[in-house]
Amino acid sequence: MADERLIVAIGRIERALSRVENLATAPANTPDADLADRHERLKKETLEAIRGIDQILSGAN
C-alpha cells in the first residue's frame, strides 16, 4: 500500500517536472498589447477610486 502511494507520488512529481521543463524551454511570449492597455486602465480606475474615497473621508471630519 505504501509502495503504491510512493509510486503515484513519484509519477506526479515526474509529470510536474516535465511541465516545468516544457515551460522553461518554450520561447518567451511577446507582451500582449491588450493586456497592457487593460492594466493601464485598471491603474487609472484604481487611482480615481482612491481619490474618491479620500474626498469622502476628508468631508467626514
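For the numbers below, each heavy atom of this structure counts, side chains included, while hydrogens, waters and symmetry mates do not.
Side-chain N or O atoms of S18 include none that pairs as donor or acceptor with a backbone N or O of E14 at under 3.5 Å.
The salt bridge (charged side-chain N to carboxylate O under 4.0 Å, His left out) check on D34 picks up R38, with sequence neighbours excluded. Applying the salt bridge (charged side-chain N to carboxylate O under 4.0 Å, His left out) test to K44 and every residue at least two apart in sequence or in another chain returns nothing.
Atoms CG and CG, from L47 and D54 in turn, are 10.5 Å apart once rounded to the nearest 0.5 Å. For the atom pair CG of L35 and CG of L42, the computed distance is 10.5 Å after rounding to the nearest 0.5 Å.
Classification of R51 and E48 as a salt-bridged pair fails, no side-chain N sitting under 4.0 Å from a carboxylate O.
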